[in-house]
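Below is one structure; the comments refer to it alone.
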Amino acid sequence: MAVIVRFAPSPTGFLHIGGARTALFNWLFARHHGGQFLLRIEDTDRARSTPESVKTILEGLTWLGLDWDGEAVSQFARRERHVAVAHELVARGAAYRCYASPAELEALRAEQTAKGLPQRYDGRWRDRPASEAPPSVAPVIRLKAPLTGETTLHDRVGGTITVPNSQLDDMVLLRADGTPTYMLAVVVDDHDMGITHVIRGDDHLTNAFRQLNLYTAMDWTPPMFAHLPLIHGPDGAKFSKRHGSPAVHDYAALGYLPEAMRNYLVRLGWAHGDDEIFSTDQAIAWFNLEGLGVSPARFDFAKLNHLNARYLAQTDDSRLATLAEPFLVKAWGRDLTDVDRTRFLRALPDLKTRSATLVALAESARFYGIAPTLATWEPKARDLMTPEARTRLGTLLTRLEALPEPWTASKVEALFRTSAEEQGLKLGVFAQPFRAALTGSTVSPPIFTVAEIFGKNEVFERVKASLSLPDLA
RNA sequence: GUCCCCUUCGUCUAGAGGCCUAGGACAUUACCCUUUCACGGUAGUAACACGGGUUCGAAUCCCGUAGGGGACGCCA
């Protein structure tokens, strides 16, 4: 039997990290089995669903590289079918009309809470004839769930879980306004769409039992279920769309690569032995439900950073340059010139092993585009510009002037090494002030390569400017 | 409150009764490399929540305790 899975977000906000991982697992599972990964927008809550949310969620999935099969399905568009099923259930005697008003139910819950009882619908209209219905109340339709016995779920993550039916009340299928609830719609749609495996967050676990009763009432075969442990925030607290989880597009803006994000996310609650860094193709080849963990995981930015750094360092320079450009523009506060682009591309091999994110990468490249000014020189770099250092740099400039063309890193370096040797000093004594002069900082990629990328003119300009830098007070 | 679930280094995890003096990764510490910072390399610190049982033998099975989480909506 072909595998068909779905990701079913509700369009009431953005795509958060937990949803992204759920989508990823479904996607990996489908691709592994050569099955289908469907997308269904659970928009039956008309008050909270927005088209903007749908757009944001789709963009988030696209950024993550999760392509879905066919068109995204709107659950709301299928409401006629849901209503028909609800009525069929009533006809079968498996559901009934309930005339209890919202206020009445609220009072019931308040009373139960006061008495320390579980909050549950008490079935007051379960066997009451419609002739007793108050004329002013529009009824809802509720499932007639079994009162006794128990319901067992064979979850692919949690194992066999049994709940007494006394814990499950008669859930609403159709609201008073005639619209279907999520509980009804999700079962009908999963059935109609031929979903074979429902892989979703653990917060749906208790729903599964109620939904199982609905499958039974319709004589439908339920799909396999796999409930994923939730993701917690770095502090161990709840981490969801409603509780502080960042949106996927935030990670994009923070300078994370989608492939790094995928790799990080797949390891959060799933493992393949000791494997840590692997391609998406490898993940597809390896992914299975058996590798899923059972306990919640905390989101750890340090590990994400590490992975992203590794992916950044591996990324092809020209692609990386394209990805980084918007971050450069932001960091530099101006559009790039052709010279900027050329320099950045040449600098990239040395730059990309030094940054964890595109934001940091752009920041580390700032000196290429913006010459240090009095205001931007780092204090430690200025400390390097002692009178002796300035004298040495001045001498170096003269010798640099005499260097035969072309201007290369190795020639500049050789000159520096010779100068240091002649005076019996370490290379750093010469190289550090040079670094400070070119970058305004004590930290940079290898400085002779930097000098080559700048070219002779720019090097001379910056060194000369550094020689006239006023002393620190 | 009721029901359900979870518990291995700080974090993510390996572990399906003997392969475990518990492995890997991130973080962290030290050293090496070195023109700075990274990268890389080497070494180190660090965990089976607790208590009972089953067994020749338990991180692995069972029971209990504690802690954490989830659900309990005419939300999804």
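The sequence lines fix the lettering, A, B, ..., with proteins before strands; numbering per chain opens at 1.
- Between A/K456 and A/L403, the shortest heavy-atom distance links the atoms NZ-O, 4.4 Å.
- Comparing the C1' positions of B/C39 and B/U45 gives an interatomic distance of 24 Å, to the nearest angstrom.
- Contacts of A/H227 with the nucleic acid, taken as non-hydrogen atoms under 4.0 Å apart, are absent.
- Counting to the nearest Å, the P atom of B/C75 and the CG atom of A/L184 are 13 Å from each other.
- Separation of the A/Y96 and A/W125 ring centroids does not fall under the 6.0 Å cut-off.
- Spacing of P atoms, B/G68 relative to B/G52, comes out at 23 Å, to the nearest Å.
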Show, in sequence, the C-alpha distance, side-chain angles and deciding distance for A/R435 and A/Q432, and conclude whether the side-chain hydrogen bond (donor to acceptor under 3.5 Å, both in side chains) test is met.
CA-CA 5 Å; A/R435 186 189 313 283; A/Q432 277 302 86; 2.7 Å; yes
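- Of the listed residues (A/F299, A/Y256, A/F278), just one forms a ring pair (Phe, Tyr, Trp, His ring centres under 6.0 Å) with A/Y264, and that residue is A/F299.
- For B/C48 and B/A14, the C1' atoms lie 12 Å apart once the distance is rounded to whole Å.
- Rounded to the nearest Å, the gap between the P atom of B/G53 and that of B/A16 is 26 Å.
- Nucleic acid contact class of A/P234 (heavy atoms, under 4.0 Å, all strands): none.
- At whole-Å resolution of the value, CG in A/L427 and P in B/U34 are 12 Å apart.
- Closest to the A/V172 side chain, of the nucleotides B/U36, B/C72, B/C74, is B/C74.
- If you check B/C3, B/C72, B/G70 against the side chain of A/D203, the one that comes closest is B/G70.
- With a 4.5 Å cut-off on side-chain heavy atoms, A/T50 and A/P11 do not count as touching.
- The six-membered or imidazole ring of A/F29 lies near that of A/H197, with a centre-to-centre distance under 6.0 Å.
- Looking only at distances, no side-chain donor or acceptor of A/D43 sits under 3.5 Å from a matching main-chain atom of A/S10.
- Residue contacts for A/A138: at a heavy-atom cut-off of 4.0 Å it reaches no nucleic acid atom on any strand shown.
- Straight-line distance between the P atoms of B/C75 and B/U60: roughly 45 Å, to the nearest whole Å.
- Rounded to whole Å, atom C1' of B/C72 lies 14 Å from atom CG of A/D170.
- Remark: B/U54 base-pairs with no nucleotide in the shown strands. Criterion, Watson-Crick or G-U wobble with two distances under 3.5 Å.
- In this structure, B/G40 and B/C32 make a Watson-Crick or G-U wobble pair, each of the two defining distances being under 3.5 angstrom.
- Look at A/T44 and you'll find a side-chain N or O under 4.0 angstrom from OP1 or OP2 of B/A76.
- Comparing atom distances between the A/A176 side chain and each of B/U35, B/C74, B/A71 picks out B/C74 as nearest.
- Atoms CD (A/E413) and C1' (B/U36) sit 13 Å apart, rounded to a whole Å.
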Once each nucleotide of nucleotides 4-19 of chain B is scored for protein heavy atoms under 4.0 Å, what B/S/- sequence comes out, 5' to 3'?
SSSS---SBSS-----
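- Across every strand in view, B/G67 sits in a pair with B/C6 that passes the Watson-Crick or G-U test at under 3.5 angstrom.
- Regarding A/E378, its CD atom lies at a distance of 13 Å from the P atom of B/C37, rounded to whole Å.
- In this structure, A/N263 contributes its side chain and A/E276 its backbone to a donor-acceptor pair below 3.5 Å.
- Proximity of A/R46 to the phosphate of B/A76: no side-chain N or O atom is located under 4.0 Å from OP1 or OP2.
- Looking at heavy-atom distances under 4.0 Å, A/M171 makes no contact with the nucleic acid at all.
- Contacts between residues 139-156 of chain A and RNA chain B, counted as heavy-atom distances below 4.0 Å, involve A/V140, A/R142.
- A/H306 has its NE2 atom 10 Å from the C1' atom of B/C39, to the nearest Å.
- The side chain of A/T353 sits closest to B/C39 out of B/U2, B/U35, B/C39.
- B/A47 and B/G23 are spaced 12 Å apart, taking the C1' atom of each and rounding to whole Å.
- Between the side chain of A/S53 and the main chain of A/G13, a donor-acceptor pair closer than 3.5 Å is present.
- Taking a 6.0 Å sphere around CD of A/E290, one finds it holds more than 12 heavy atoms contributed by other residues, nucleotides or ligands.
- Across all strands shown, A/P229 has no heavy atoms under 4.0 Å from either base or sugar-phosphate atoms.
- Taking atom C1' on both nucleotides, B/A46 is separated from B/A22 by 13 Å, rounded to a whole Å.
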Derivation and outcome, ring pair (Phe, Tyr, Trp, His ring centres under 6.0 Å), residues A/H82 and A/Y182:
CA-CA 10 Å; A/H82 306 144; A/Y182 157 79; over 10 Å; no
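- Nearest-nucleotide assignment on RNA chain B puts the 5′-proximal partner with A/A302, out of A/A302 and A/D350.
- A straight line from CG of A/D169 to C1' of B/C3 spans 12 Å, rounded to a whole angstrom.
- For A/R354 and B/C39, the shortest distance from a side-chain N or O to OP1 or OP2 is not below 4.0 Å.
- Remark: B/C20 base-pairs with no nucleotide; criterion is Watson-Crick or G-U wobble with both hydrogen-bond distances under 3.5 Å.
- Base pairing analysis places B/C72 opposite B/G1; the two distances defining the Watson-Crick or G-U wobble pair are each below 3.5 Å.
- Taking the C1' atom of each, B/A59 and B/C4 are spaced 24 Å apart, rounded to whole Å.
- Across B/C74, B/G70, B/U35, the shortest atom-to-atom separation from the side chain of A/I447 is found for B/U35.
- The shortest heavy-atom contact between A/P223 and A/I195 is CB-O, 3.4 Å.
- If you take CG of A/N207 and P of B/G73, they are 11 Å apart, rounded to a whole angstrom.
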